[in-house]
Amino acid sequence: MGRLRIDTSPLRTSRDFRLLFGAGTVFYVGQMVTYVAVPAQVYTLTRSNTAVGALGVVEVVPLVVFGLWGGALADHLDRRKLLVRAGIAQAAVAAALVANAASGRPQVWLLYVLGMLAAVAGALSRPSREALVPRMVPRGQLAAAVSLNSLGMQLGTLAGPALGGALVATAGFGWAYAVDLVGLVAATVLVARLGAYPHEGDTERPSLAGIAAGLRYAVGRKDLLGTYAVDLVAMTLAFPVAVYPAFARDELGHPGALGLLHVAGSVGALAATLTSGWTSRVHHRGRAVVLAAGVWGAAIAAAGAAPALVLVLVGLAVAGAADMVSGLFRTVIWHETIPDALRGRLAGVEMLSYSLGPLAGQVRAGVAA
C-alpha cells in the first residue's frame, strides 16, 4: 500500500507549490459549481438539449484563439501577474452571472456571452499556471506534483458538482454562482502571494510568428502530437456531460441526481489519484496514455448501456479514473521534455488538446440526444 500512496513531497518542500495547490483547489470548487449550474439553467429556460450542447460552441473560438495567445504571453510576461489579472476577470464574470440569476428574468443569451468571456479568461490563465509548476519543484518531483495538482482538481470537482447540484435544487442559481465568485476571489489572493519566477534567458514578444513556432514544435514532436490526438479523439467521441441535465430530470425524475452524475467521474479520478504512487515506476508513458484512453471509452459505453443508476455511476467512476491516469502521464511527458522558453506556448497547445475534445463532445452529445 505504501507503494501506491500518493507522494506529497512537493507540498512539504515548496511554499509556492502549496499556494498554487490551494488556489487550484478553491478555484475548481467554485468553477465546478458553475459548470453544473450554467447548463442546468440553460435547460431550465429552454428545455432543449441542443441549447445546452451549444454552450460548447460559444467557448471553442475563445479557447483556440486566447489559449494560444495566452501561451505566448506566458513566455514573455510575468506569469504570476497574468494569473492575478485573469482571476479578477473571472470574478467579474461570476458577479455578472449572479446579477443575471437575481434579475427575475434571466437571459439565455447572456449566459452564452458570459460563458464565452469566462472561456477567454480561463484560456489566458491556464498556460501560465501550467508553466509555473516545473519551476516550483525539482525534476524528480514532477510526477508527484502532477498527481497533487490532479488531487486538488479532483477535490474541487468532487465537492463542486455535489454542492452545485444541491444549490441549484434548493437555493437557486444565484447562490451557486455566488459560491464561484467567492472561490475565484480566494484563489486570486493566494496566487498573488506567489514568489517571482523571472524567465530564464531572453524572451520572445507575443506574435503570430511566435505562436506558429510553438505549433511547429508541437507538430514536429511525434510523442507530443500523439498525446494530443489520443485525448482529442477520446473526449470528442465519449463525453456525455451535455445530456446530464435531461437524464437527471426526465429519465431519472430527480433533478438532485444531476450532482451524482457529475461527481461519479470525480470519485473515480480521486481514487486513482490517491493510489498514484505506482505511476512513478512506469516508463512507457505513451502506452499508458493509449490504454487509459481505451478504458475511458469502454467505461462510458458501459455507463450508457447500464440499466440502473448505480451501474451508471460505477461506469462513470471507472471512466474518471482512466481519464486521470491518462492526464497524469500526458502531463509528465509534457513537463519533462518541453524547454522553458516554449513552455507557455506549448501549455496553450496542451490546453487546446484537452479542452476542445470535451467541448466538441458536448456538441456531439447534445445534438445526438
Walk me through it: do V318 and W296 pass the test side-chain contact (heavy atoms from CB on, under 4.5 Å)? CA-CA 7 Å; V318 173; W296 158 270; over 6 Å; no

Strictly distance-based, threshold 3.5 Å: is any side-chain N or O of T227 a donor or acceptor partner for the main-chain N or O of L224? yes

For Y197, is there any backbone N or O sitting under 3.5 Å from a side-chain donor or acceptor partner on R79? no

Validation row: L328, S147 side chains within 4.5 angstrom (heavy atoms): yes

Checking D75 side chain against R345 main chain: does a donor-acceptor pair fall under 3.5 Å? yes

Which pair of non-hydrogen atoms, one from L114 and one from V93, has the smallest distance, and what is that distance? O-CG1, 3.6 Å

One should read off an interatomic distance between L132 CG and L194 CG, to the nearest 0.5 angstrom, of 7.0 Å

T337 and R221: side chain donor to acceptor below 3.5 Å: yes

Considering all heavy atoms, the nearest T273-S276 contact: O-OG, 2.7 Å

Run the side-chain contact (heavy atoms from CB on, under 4.5 Å) check on W175 and V98 step by step: do they pass? CA-CA 7 Å; W175 282 102; V98 173; over 6 Å; no

Where T13 and Q141 come nearest, the two heavy atoms and their spacing: OG1-OE1, 3.3 Å

Let me confirm one number: the CG-CE distance from L151 to M324, rounded to the nearest 0.5 Å. 9.5 Å

Minimum side-chain heavy-atom gap L148-F17 below 4.5 Å: yes

Is there a donor in the side chain of Q31 and an acceptor in the side chain of D180, or the other way round, less than 3.5 Å apart? yes

Expected output: side-chain D16 to main-chain G195 donor-acceptor under 3.5 Å: yes

Salt bridge (Lys or Arg N to Asp or Glu O under 4.0 Å) involving D231 - partner list, sequence neighbours excluded: R330

Which residue pairs satisfy the salt bridge (charged side-chain N to carboxylate O under 4.0 Å, His left out) criterion with at least one member in residues 116-128, sequence neighbours excluded? R126-E130

Main chain of V146, side chain of S150: is a donor-acceptor contact present, judged purely on distance under 3.5 Å? no

Could you check whether atom CZ of R193 has more than 12 heavy atoms from other residues, nucleotides or ligands sitting under 6.0 Å from it? no

Polar side chain donor-acceptor pair, R12 to T8, under 3.5 angstrom: yes

Judged by atom type as modelled, is there a donor-acceptor pair below 3.5 Å linking the side chain of R135 to the main-chain atoms of P198? yes

Residues V263, L313; criterion side-chain contact (heavy atoms from CB on, under 4.5 Å); working and verdict: CA-CA 9 Å; V263 165; L313 297 177; over 6 Å; no

Which atom pair, heavy atoms only, marks the closest approach of I300 to A319? CD1-CB, 3.8 Å

Compare every heavy atom of S125 with every heavy atom of A86, then report the nearest pair and how far apart it is. CB-CB, 3.4 Å

Please check: side-chain N/O of S326 versus main-chain N/O of A322, any donor-acceptor pairing under 3.5 Å? no

Flag if over 12 foreign heavy atoms under 6.0 Å of CH2, W69: yes

Would you indicate whether R15, at its atom CZ, is surrounded by more than 12 heavy atoms from other residues, nucleotides or ligands within a distance under 6.0 Å? yes

Separation between CD1 of I88 and CG of L184, rounded to the nearest 0.5 Å: 11.0 Å

Can you name the closest pair of heavy atoms from V133 and A145 and give their distance? CG1-CB, 4.1 Å

Give every residue pair that meets the ring pair (Phe, Tyr, Trp, His ring centres under 6.0 Å) criterion with at least one member in residues 26-54, sequence neighbours excluded. Y35-H262

Yes or no on side-chain contact (heavy atoms from CB on, under 4.5 Å) for V113 and L117, after CA distance, side-chain angles and deciding distance? CA-CA 6 Å; V113 171; L117 293 176; 4.3 Å; yes

Measuring from L20:CG to L190:CG, what's the distance to the nearest 0.5 Å? 9.5 Å

So, taking the atom named OG1 in T34 and the one named CD in Q41, what distance separates them when rounded to the nearest 0.5 Å? 10.0 Å

Short question: side chain of R285, backbone of F329 - any donor-acceptor pair under 3.5 Å? no

Quick check: does any side chain N or O of S14 sit under 3.5 Å from a backbone N or O of M136, one acting as donor and the other as acceptor? yes

